[in-house]
Amino acid sequence: MPELPEVETLRRGLEHHFSRRRIVDVEIIGSRTVRRHASEEVPQLLVGSTVSKCGRHGKYLIVFLDSGIRMVIHLRMTGRLEIVTPPFLGDIKHLHARFRLDDDRELLFFDPRTFGEIFISTTKDADQLPDELASLGPDPLSEDFTLEHLAKVCKKRNAAIKSLLLDQNMIAGIGNIYGDEICYEAGVLPTKRASQLTDGELAKLYKATGQILLKAVERKGSTLSDKKYLDITGSEGQYQKHHRVYAKVGTPCTCCGNLILRVKISGRSSYYCPYCQK
Ligand SMILES: [Zn+2]
């Protein structure tokens with residue numbers, strides 16, 4: 001699933017290609033993608049509007065329209081956005097939505113597993129998150145994500161720190177890859193109880209969160225061997241080459257040479273170095 005760095009890379013691509021463009025036509029092919037609406041409602045709400053900017057909160061893309069409403073996109077497991085110049089000759093088997101722009105290009109939304117979602121939020125206060133996203137925690141690259149916030153949510157929780165990092169209602173945007181990389185960078189075992197973290201460990205974890213996510217954004221996110229994540233022009237991210245622990249079970253730690261181990265946390269594989277992480 002795309003995490004914050006991949007979604008931020010897409011946001012930058014959307015900002016470049018989609019902002020200031022007028023939407024001249026919308027075709028909804030997969031009604032499940034717009035499941036909060038009747039399919040015909042989506043074109044009615046969007047056609048004729050101009051995109052003013054493209055934002056993001058956690059793993060959600062938020063497209064601001066000059067009419068004051070916002071289009072929210074979540075890719076979930078297999079959603080993918082691509083900007084194309086018609087005629088599009090690629091595979092349209094899993095094409096669920098098509099947005100035609102006033103420069104004759106099209107933004108396409110593909111989603112083989114159909115967990116992804118597009119919805120229109122009519123919350124008018126553009127400074128507020130759309131109502132539908134109100135339960136999300138702060139975005140870790142925003143000013144709202146502070147050491148105090150991290151310490152507060154950790155103190156109350158007995159769960160493994162990795163689980164807490166992945167809890168979107170506590171912090172929005174981290175998933176399985178970056179959760180492991182952040183714990184490694186901080187030198188903290190992913191299984192460590194959140195409430196047991198010392199002030200020093202919390203400070204390291206807070207710093208590592210920003211550092212890892214920013215480095216991954218710089219390298220346009222991670223494209224794994226399944227190639228599920230590609231940027232808006234169809235290019236691969238590069239941060240997978242810089243993973244230190246994720247999916248590296250049995251290979252030597254680049255810092256100490258001990259073998260990377262795997263443990264299940266909340267049913268998901270987590271990777272760590274038994275020497276560098278305490
Ligand atoms: Zn190590």
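For ligands, and for the atoms within them, numbers begin at 1 and follow the listed sequence. Just so we're clear, the structure is a prediction, and the values are computed from it rather than from any experiment.
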Does NZ or CZ of Arg80 fall inside the cone over Phe110's six-membered ring, less than 6.0 Å from its centre and within 45° of the axis?
-> yes
Looking at NZ of Lys220 and CD of Glu6, how far apart are the two atoms once the value is rounded to the nearest 0.5 Å?
-> 13.0 Å
Given the options Glu3, Lys162, Glu181, Asn176 meets side-chain hydrogen bond (donor to acceptor under 3.5 Å, both in side chains) only with Lys162
Sub-4.5 Å side-chain heavy-atom contact between His243 and Ser222 | yes
Sidechain N-carboxylate O distance under 4.0 Å for Asp103, Arg22 = no
May I ask you to list the protein N, O or S atoms found at less than 2.8 Å from the Zn ion (ligand 1)?
-> Cys253 SG, Cys256 SG, Cys273 SG, Cys276 SG
Tell me whether the centres of the aromatic rings in His74 and Tyr60 are closer together than 6.0 Å.
-> yes
